[in-house]
S.K.: 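Pasting a structure below so you can have a look.
Values in this document were obtained by computation on a predicted structure and should not be read as measured data.
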Amino acid sequence: MRAESVTRTPAVRTAVVWDALRSVLAERSEATGREALDIVDAGGGTGGFAVPLAALGHSVTVVDPSPDSLAALERRAKEKGVGVRSLQGDADALGELLQRDSADLVLCHSVLEYVEDPVSALSAVAGVLRQGGAVSVLAANPVATAIHRALAGQFDEARAVLGDPRGSWGERDPTPRRFTTEALAGLLEAAGFSAGPVHGVRVFADLVPSRLVDGEPGAAESLAALEQAAAAHPVLRDIATQLHVLGRRA
């Protein structure tokens with residue numbers, strides 16, 4: 001598999017996710033004997049993950065409900081000189097858009113917060129995965145939202161997040177629902193997946209002022225290393241802005 005700078009020096013906010021993706025892709029390639037894998041990015045938007053994965057030589061399909069996002073995806077892919085297939089549709093309709101047992105890996109990043117039925121969406125993902133394939137789930141964490149609302153002086157909203165079953169702070173909250181580590185694992189198991197360990201994403205990255213990172217030699221790399229160290233910490237993981245977990249299809 002070709003090495004790319006995007007995987008050697010990942011962005012701070014996605015370093016933990018890229019580590020997990022590199023690992024699962026290497027395992028899948030070894031298990032199948034195929035270096036070029038079939039990847040679906042459900043809700044992949046403008047291709048922040050899809051385009052770098054295509055640059056690594058994989059066959060990538062992005063499914064997203066927004067035609068504007070898909071147009072931006074196509075422009076980004078063209079600029080990078082890679083091909084990415086784009087399909088307009090929702091994550092819970094994957095079974096209607098893609099063949100069954102056709103993917104080695106499905107990305108489901110920042111999707112479960114918005115779909116009507118998260119278990120149905122994950123079940124649709126399971127339908128397009130080959131046996132032994134994996135789903136990468138990234139979702140918003142209510143505990144982190146409570147911390148961020150409190151730091152912004154919105155104490156009533158912070159309290160509301162902690163007391164709401166969906167992890168929402170009110171009617172104006174743009175994110176309909178958020179998930180704890182236990183909730184994410186439960187969703188995957190309900191959809192027939194074997195859930196791996198949950199890791200925290202952006203434990204410190206959203207709390208550290210940008211002035212401490214921007215323009216300071218080596219600061220971004222040091223912060224990325226800190227994020228990777230904190231990702232599996234039993235306390236720090238649970239205050240991360242997002243939670244990441246891999247689910248395996250048996």
S.K.: What is the minimum heavy-atom distance between Ser86 and Leu73, and which atoms define it?
M.R.: CB-CD2, 3.9 Å

S.K.: Considering only heavy atoms from C-beta outward, does the side chain of Ser136 approach that of Val24 to under 4.5 Å?
M.R.: no

S.K.: Does the side chain of His148 reach to within under 4.5 Å of the side chain of Leu207, using non-hydrogen atoms?
M.R.: yes

S.K.: Assess whether salt bridge (charged side-chain N to carboxylate O under 4.0 Å, His left out) is satisfied between Arg13 and Asp206, documenting all intermediate values.
M.R.: CA-CA 8 Å; Arg13 294 189 174 200; Asp206 290 348; 3.3 Å; yes

S.K.: Heavy atoms, side chains only, cut-off 4.5 Å: are Val137 and Phe193 in contact?
M.R.: no

S.K.: Under the 3.5 angstrom rule, does the side chain of Glu227 hit a backbone N or O of Val201 as a donor-acceptor pair?
M.R.: no

S.K.: Locate the shortest heavy-atom distance separating Ala72 from Thr46; write the atom from each residue and the value.
M.R.: CB-CG2, 3.7 Å

S.K.: Answer yes if Leu138 and Val106 sit in the same cluster of Ile, Leu, Val, Met, Phe, Trp and Tyr residues linked by side chain heavy atoms under 4.5 Å apart, and no otherwise.
M.R.: no

S.K.: Check whether any side-chain heavy atom of Val60 sits under 4.5 Å from a side-chain heavy atom of Phe49, and report yes or no.
M.R.: no

S.K.: With a 4.5 Å heavy-atom cut-off, do Asp38 and Arg130 have their side chains touching?
M.R.: yes

S.K.: If we only count heavy atoms from C-beta on, is the Leu97 to Val128 side-chain gap below 4.5 Å?
M.R.: no

S.K.: Is it the case that one hydrophobic cluster holds both Val143 and Leu243, taking links as side-chain heavy atoms less than 4.5 Å apart, direct or via other members?
M.R.: no

S.K.: Side chains of Ile239 and Phe204: does their closest heavy-atom pair fall under 4.5 Å?
M.R.: no

S.K.: Answer whether the closest heavy-atom distance between the side chains of Arg28 and Ile39 falls below 4.5 Å.
M.R.: no

S.K.: Check for me, please, whether Leu94 and Leu105 land in the same ILVMFWY cluster - side-chain distances under 4.5 Å, paths through other members count.
M.R.: no

S.K.: Can you sort out the partners of Asp173 under side-chain contact (heavy atoms from CB on, under 4.5 Å), two or more places apart, ordered by chain and number?
M.R.: Ser168, Trp169, Thr175, Arg178

